[in-house]
Amino acid sequence: MSALLDRRYFPAYNELPFDCYVNLAFYHERNGILTPAFHWCFMAEIMDDTFAQTSFLRHRLEAKDRDGARMPILFYLDRGVTLDTTHFKTGNTIFVRYAEQHAFMDGSNGLRIENPSSFYVVPYSLSAIVEAHRRVTSNVCNKCQKKATLRCAKCKQAFYCSRECQVDNWTDHKAPCRILTKVAPVTSLDHTRFMEFELFH
Ligand SMILES: [Zn+2]
Ligand SMILES: [Zn+2]
């Protein structure tokens, strides 16, 4: 099963730790330093882009998590750091590593992003992304369900028992393959063990 389907590693908004105190379900203390206990990633679909407005201070997105809960995402980047807003569009999905709940001064609750490398946006809806991951199972042929060890060279996530099954399956696999490949920077790491921060670029 892809880690993306596991709520421990891809939690909903209300399952994220708060940034105002240390949540020991998410953090370990090692030699007096707090580090994440594992890798987690928040994912949310960008809502109506009338919300995606650049105020004179901050860029703000309105997003919806895997449970349908809505929250604002605000960008607090250092002066001189340019924000790539190319994919900030309705229906696209944003991934944020090590995300935490933040209470803003105005009483609202959402994500406060300070590191431009902590997020990654893909041009697919959250439901399409989840569905593409549901459709592949490790070591099981994507076509005939037999035990399989060969993998699709593009997404590296769909397994096949033979070249024939892969060719047969291509019409069905083409669309999810594109999604899996695009989301690979998010999923292609061992979420269970934290060694160092894994950011996107
Ligand atoms: Zn097969
Ligand atoms: Zn593939």
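All ligand and atom numbering here is 1-based and tracks the order in the structure.
For N115 and Y98, the side-chain atoms include no donor-acceptor pair closer than 3.5 Å. Using modelled atom types, one finds a donor on one side chain and an acceptor on the other under 3.5 Å when comparing Y160 with N169.
Ring-centre distance between H39 and F194: below the 6.0 Å cut-off.
By the 4.0 Å N-to-carboxylate-O rule, R7 lies close enough to D67 to be salt-bridged with it.
Closest non-hydrogen pair, R8 versus W40, comes out as O-CB, 4.2 Å.
The Zn ion (ligand 2) is the vertex of the angle joining SG of C177 and NE2 of H173, which measures 100° to the nearest 10°.
Note: Y9 and H191 have tilted aromatic rings, judged against thresholds of 30 and 60 degrees for the angle between ring planes.
Protein atoms of type N, O or S found under 2.8 Å from the Zn ion (ligand 1) total 4.
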